[in-house]
Amino acid sequence: MIGALYMLNLAILVSGRGSNMEAILKNIRKGYIKAEAKVVISNREARALSIAKEYGVDTILVDDKGKKGVDWEYDKKILEVLERYGINNTNGLICLAGYMRILSPEFVRIYKNRIMNIHPSLLPAFAGLHAQKQALEYGVKVTGCTVHFVDENLDSGPIIIQRSVEVKDDDTIEMLSNRILAEEHIAYSEAIKLFAEGRLDVRGRRVFIL
Ligand code: GAR
């Protein structure tokens with residue numbers, strides 16, 4: 001079994017708008033998620049940082065200066081911040097919430113099964129960027145969102161929770177994205193809550209909810 005027997009220390013990594021992060025912070029405040037949000041880290045100036053401050057959470061900008069690509073040297077700077085905030089691989093959880101960088105394998109191995117991501121499709125369909133557009137263009141009738149653990153490959157780790165959304169004939173990318181986003185906000189908090197309660201059991205690719 002993995003998860004916390006005592007208060008879980010959370011770090012949230014963001015790059016943009018921060019609506020998933022805000023849903024998580026609201027649910028911590030309400031007591032639905034038994035965890036402490038220690039720090040919000042962003043790779044660029046982002047709206048999410050000002051929201052986090054409104055919630056009284058420390059924010060750190062680790063500017064990547066727009067340089068994309070897997071970069072262990074950059075990730076070491078994130079690691080330093082996490083260590084400073086006491087987020088380790090026995091009491092910590094790292095939540096990627098619209099974090100638009102790919103973590104290096106070295107980083108992922110340190111926090112094995114302690115990094116979660118939210119993705120706006122029913123994985124393994126439509127991994128990568130613009131998942132909602134991909135779904136609409138492909139013509140699927142049902143799409144949704146996935147919360148999964150992060151492994152060394154893109155959008156490929158063990159799946160924790162999925163929620164589905166119907167695609168309507170007259171959907172625009174924006175309309176579909178908004179309906180998926182509403183489900184993301186529910187799914188992400190539920191997954192973190194289960195983790196915080198020590199109720200997620202990862203066996204190979206499968207995650208069992210205890
Ligand atoms: C969300 O839709 C999230 O699923 C997506 O970015 C958006 C962030 O919104 N993430 C990815 O596409 C990751 N591959 P938010 O900043 O309002 O939470």
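Counting convention: from 1, in listed order, for ligands and their atoms alike.
- At a 3.5 angstrom cut-off on N or O pairs, Tyr99 does not count as close to ligand 1.
- At under 3.5 Å, not a single nitrogen or oxygen of Asp155, backbone or side chain, sits near a nitrogen or oxygen of ligand 1.
- The shortest side-chain heavy-atom distance between Cys95 and Asn20 does not fall under the 4.5 Å cut-off.
- Taking a 4.0 Å cut-off on heavy atoms, Gly18 registers as neighbouring ligand 1.
- Listed by atom number, the atoms of ligand 1 under 4.0 Å from Gly98 heavy atoms are 6 (O), 8 (C).
- For ligand 1, the polar-atom distance check against Arg17 finds a nitrogen or oxygen pair separated by under 3.5 Å.
- Taking 4.0 Å as the cut-off, Met100 counts as a neighbour of ligand 1 on heavy-atom distance.
- Using a 4.0 Å cut-off between charged side-chain N and carboxylate O, Glu183 and Arg179 make no salt bridge.
- Protein heavy atom in closest approach to atom 2 (O) of ligand 1: Glu184 OE2, 3.0 Å.
- One finds a salt bridge joining Glu73 and Lys76 here, because a Lys/Arg side-chain nitrogen approaches an Asp/Glu carboxylate oxygen to under 4.0 Å.
- Ion pair Glu152/Arg109 flagged as a salt bridge, since at least one NZ, NE, NH1 or NH2 atom sits closer than 4.0 Å to an Asp/Glu carboxylate oxygen.
- Using a 4.5 Å cut-off on side-chain heavy atoms (C-beta onward), Met21 and Leu49 make no contact.
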